[in-house]
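Any value given below was found using the heavy atoms of this structure, including those in side chains, with hydrogens, waters and symmetry copies removed. Throughout, a chain's letter reflects where its sequence line sits, starting with A, and its residues are numbered from 1.
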There are 2 protein chains.
Amino acid sequence: MRLLPHPATENIELTEVLRALSDPVRLEIVARLAVAGEMTCTVAGDDLGVHKSTASHHYRMLREAGVVLTKQVGRLKYMSLRRDDLDRRFPGLLDSVLGSVLGVPRP
Amino acid sequence: MRLLPHPATENIELTEVLRALSDPVRLEIVARLAVAGEMTCTVAGDDLGVHKSTASHHYRMLREAGVVLTKQVGRLKYMSLRRDDLDRRFPGLLDSVLGSVLGVPRP
DNA sequence: CGTACAGTTGGATTGTTGTCAAACCATTGG
DNA sequence: CCAATGGTTTGACAACAATCCAACTGTACG
């Protein structure tokens, strides 16, 4: 099991996170990760409507911005949201974005 | 007093807002508006380190994304954050961004 | 070992963006 | 009316980004 290179929590930049989340395809990937938790690239990128190399490009953007964590297990790569890191650095940001994407439960 | 064209609240898109906020210059403008409230373009763009035409370009991005409201009074244009609209559409988003930019008061 | 699978990389293309400079437009004050 | 002020537009340019396709790399399974 190997971890790919990621930015340290302190080095996650707000503008880069916002930039990473500002693409519809990436936002969809993030939403899936939020709902289903850790998943492989293939699953995360299923039916996105883009070529798999394009999806791969988006995985890297998300990883380099500090939004997702990627670890390799065998020939699979698992992605997951860096919820805790993001929340420590930008409290409430991810929740509000996910709330808007997934729909907020209203009392 | 004239209002410039703006997107209606329902038409404000999350990805466009995130995109608008993902530029350091625009984020600085938004932070100033958050702190000082309504202000003219000249004041908002003072000492940003970019040419005034570049600043003007950013004002438009922010307006077209639905982040700011611009009204013309005489030869001045006043910008203000669309706090209520944004909060209705994407609850908590603007607050979390501003909190991260301006620093959150911790108890 | 070789084939299939999971994902990345490189190249090409097309479109977008941030920037400056210079010219422009609109409003107001003399 | 003319000049100054406040912003915008246009043109040019370099950098970046999203996309596809094809070729590639690495891992495991038969």
Protein-nucleotide distance ([X], atom [atom1]; [N], atom [atom2]), rounded to Å:
{"X": "B:Met39", "N": "D:dG6", "atom1": "CE", "atom2": "C1'", "answer": "15 Å"}
{"X": "A:Arg19", "N": "D:dC16", "atom1": "CZ", "atom2": "C1'", "answer": "8 Å"}
{"X": "A:Arg60", "N": "D:dC16", "atom1": "CZ", "atom2": "C1'", "answer": "13 Å"}
{"X": "B:Lys77", "N": "D:dT9", "atom1": "NZ", "atom2": "P", "answer": "7 Å"}
{"X": "A:Leu48", "N": "D:dA18", "atom1": "CG", "atom2": "P", "answer": "14 Å"}
{"X": "A:Glu64", "N": "D:dC16", "atom1": "CD", "atom2": "P", "answer": "13 Å"}
{"X": "A:Arg63", "N": "C:dT9", "atom1": "CZ", "atom2": "C1'", "answer": "13 Å"}
{"X": "B:His58", "N": "C:dT17", "atom1": "NE2", "atom2": "P", "answer": "12 Å"}

Would you give a per-nucleotide map of nucleotides 20-30 of chain D, 5' to 3', where B means the base has a protein non-hydrogen atom under 4.0 Å away, S means only the sugar-phosphate does, and - means neither? BBB----BSS-
Does CG belonging to A:Asn11 count more than 12 external heavy atoms closer than 6.0 Å?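 Enclosed: over 12 neighbouring heavy atoms sit under 6.0 Å from CG of A:Asn11.
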Just call it for B:His57: base, sugar-phosphate, or nothing, with non-hydrogen atoms closer than 4.0 Å on any strand.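 If one applies the 4.0 Å heavy-atom cut-off, B:His57 turns out to touch a base.
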Could you pull out the closest heavy-atom pair between A:Val68 and A:His6, with the gap in Å?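 Closest approach of A:Val68 to A:His6: O-CD2, 3.3 Å.
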Minimum-distance pair of heavy atoms, taken over all atoms of B:Leu21 and B:Leu27: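 Smallest heavy-atom distance, with atoms named: O-CD1, 3.6 Å.
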Scan residues 15-42 of chain B for pairs that pass salt bridge (charged side-chain N to carboxylate O under 4.0 Å, His left out), counting only residues two or more places apart or in two chains.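 Qualifying pairs: B:Glu28-B:Arg32, B:Glu38-B:Lys71.
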Go through C:dG18, D:dT8, D:dT19 for me and flag the one nearest to the B:Asp23 side chain.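 Output: C:dG18.
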Is there a path of hydrophobic side-chain contacts, each under 4.5 Å between heavy atoms of I, L, V, M, F, W or Y residues, that connects B:Val35 with B:Leu62?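 Yes; B:Leu62 is reachable from B:Val35 via cluster members.
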Hydrophobic clusters here meaning ILVMFWY residues chained together by side-chain heavy-atom distances under 4.5 Å, can you tell me if A:Val67 and A:Ile12 are in one?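 A:Val67 and A:Ile12: one cluster.
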